[in-house]
Asker: 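Sharing a structure below in structure tokens format, with a few things to ask.
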Number of protein chains: 2
Amino acid sequence: MPEGDGRTTARTAASPRTPDANTTDASGTGANGTDANGAAIAVPAARERARAIPEAAVARLAVYLRTLSALAEQGTTTVSSEELATAAGVNSAKLRKDLSYIGSYGTRGVGYEVEVLVGQIERTLGLTRKHSVAVAGIGNLGHALANYGGFPSRGFPVSALFDLDDDLVGVPVGGIPVSHVDDIVEVCSTREVTIGVIATPTKGAQEVCDRLVAGGVTCILNFAPVVLQVPEHVEVRKVDLAVEMQILSFHVARRQQEAAAAGEADGAGPPGGGAGLPGEIDSANRMVERL
Amino acid sequence: MPEGDGRTTARTAASPRTPDANTTDASGTGANGTDANGAAIAVPAARERARAIPEAAVARLAVYLRTLSALAEQGTTTVSSEELATAAGVNSAKLRKDLSYIGSYGTRGVGYEVEVLVGQIERTLGLTRKHSVAVAGIGNLGHALANYGGFPSRGFPVSALFDLDDDLVGVPVGGIPVSHVDDIVEVCSTREVTIGVIATPTKGAQEVCDRLVAGGVTCILNFAPVVLQVPEHVEVRKVDLAVEMQILSFHVARRQQEAAAAGEADGAGPPGGGAGLPGEIDSANRMVERL
DNA sequence: CACTGTGAACTCATTCACAGCC
DNA sequence: GGCTGTGAATGAGTTCACAGTG
């Protein structure tokens, strides 16, 4: 084991969490050439750029990809940036900029060919290669994830499930038998899992994470409400339901304050936040929005 | 655009909103370029709300809150920015800046009193008031959400569940009987739901969303992989599993490219080969065992 | 003409570094 | 001495606006 258990902690730790963020690490050692066929694809110049795509743009590319797939399915073969942008919920300038990061695949005066764009985005996102997924923690959420059709259909076959509960071990969930968490390292290694999903309760999460990493997993999607400590080469993304709710809560509060302020000036308005007493808030209060 | 199907609304691009792929700005409709230049629509960046806490900071405040709660539980009464920052996975400068947005509640030379900070963050996030939650779509994910302990325990009581399936209607899930989606408007109104969670399949999502909005819901957490169209006053946050996976995939690909490039330029083989690289990269060796 | 692709301007977010206080 | 709070500097991400092209 490396220095101090091999975790990155005290350092200028990185694990931001903006509207959409992640652990951004540079030092990408590791990875070999053996199974890397994605890199073998042509398009010389684009390789250079991959590094330069802003994080925020990557997230949106994934959205464009889905939007494009939908368009393709309904027979569309060409889209303008305006159309695609609207469908994807962004403005067209941003979309064009995002697409420009992956190259120039549009036709001026016409638009983009759906097929082509799909291919290029897939390549950029590394979807030309399958990424095996392991889900740890087969509770309610784990079940949901194991059965989630969106994963396999998008190139992320779920190939391992883990839980602590002996009663669950061996039981197939979504077609795959649950393994014991003690076997994480071995199973992940042999099944070549690249992405680990942690859906365990808070306490088990760090332990499970360590094992996933030991099993060679370099990307983790974490649903447990903890900040995971991982070595530098491992990428963690967090989905935190409580945080999402609290952000929404903040916006409700903000809106109420605004309404209250506006009401003051206006003379009529709702009593607004009223410094929020615990307990039941009056009925009228909430619905007063302009609807 | 022939599109404009009734709803959408949300013009006026300028709005203190999240920079994220959130609420649609949908400023399409060609009106764009026309008055662009001299129009001087100005939109005098007024919005004189001193309230402005950066969106990104809000998300982190929620994380600090949880971290603080954990500290409180284990008996800690005081923390320094450094300690709290480490525990929350950010750097201390950022943490102090974030906290400064909500006021000055620390003591120089000492740190922050846990209790006080918890209270202030809760107030800021609007958690002094309970926010009733409705979950629509009681499939695997919906079940998981309905049973998720993290919601009620953090001031978000789940008070309504909806599904289309008649066999499910009336059945209690997590203690609450499922209602039919046709009753969304009524049930949400009477139970004063503020936050709606959409866990339906893609196709039902927009319809459900519309009804939630009609029922007075102003905040939506959307798990369906669609961009929802909502009126301006409604806040949407999206949790998109496929997108998360694809972002991770991108980072795998990037790392592989870097490794390949580094190997090329360096001549010395990539770390995978165990080429005598300094010990600093110890942790990277782990991944070798799988690759 | 219609639409892409992109430098340049701008806005938002993070980090630095230090003054001020305990 | 140690630590907070914050303006100022830097950096990331977004929007503008227009040149350039099929």
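Proteins come first, then strands; the chains are lettered A, B, ... in the order of their sequence lines, and each starts at number 1. None of the values given here were measured: they were computed from a predicted structure.
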Asker: Do the side chains of E235(B) and R255(A) get nearer than 4.5 Å, heavy atoms only?
Answerer: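 Sidechains of E235(B) and R255(A): in contact.
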Asker: What is the separation between atom CG on D98(B) and atom P on dT14(C), rounded to the nearest whole Å?
Answerer: 7 Å
Asker: In whole Å, what is the span from the NZ atom of K94(A) to the P atom of dC12(C)?
Answerer: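 Nearest whole value for this atom pair: 12 Å.
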Asker: In the 5'-to-3' direction, what one-character label does each nucleotide of nucleotides 2-12 of chain D receive under the scheme B = base within less than 4.0 Å of a protein heavy atom, S = sugar-phosphate only, - = no such atom?
Answerer: BBBBBBB----
Asker: What is the minimum heavy-atom distance between G89(A) and V227(B), and which atoms define it?
Answerer: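 In this case the closest contact between G89(A) and V227(B) is CA-CG1, 3.8 Å.
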Asker: Between dC12(C) atom P and R60(B) atom CZ, what is the distance in whole Å?
Answerer: 15 Å
Asker: Keeping the roles fixed (side chain from R66(A), backbone from P225(B)), state whether a donor-acceptor pair exists under 3.5 Å.
Answerer: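 Yes.
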Asker: Rounded to whole angstrom units, what separation is found between the OH atom of Y101(B) and the P atom of dA13(C)?
Answerer: 8 Å
Asker: Are L84(B) and L117(B) packed together at the side-chain level, in the sense that at least one heavy-atom pair is separated by less than 4.5 angstrom?
Answerer: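 Yes, at least one pair of side-chain atoms sits under 4.5 Å.
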Asker: Give a yes/no answer on whether the side chain of N91(A) brings an N or O atom under 4.0 Å of OP1 or OP2 in dT15(D).
Answerer: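 Yes, N91(A) has a side-chain N/O under 4.0 Å of OP1/OP2 on dT15(D).
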Asker: Taking the side chain as everything from C-beta on, heavy atoms only, tell me whether F156(A) gets closer than 4.5 Å to Q246(B).
Answerer: yes
Asker: Could you tell me whether the side chain of T76(A) and the main chain of A72(A) form a donor-acceptor pair under 3.5 Å?
Answerer: no
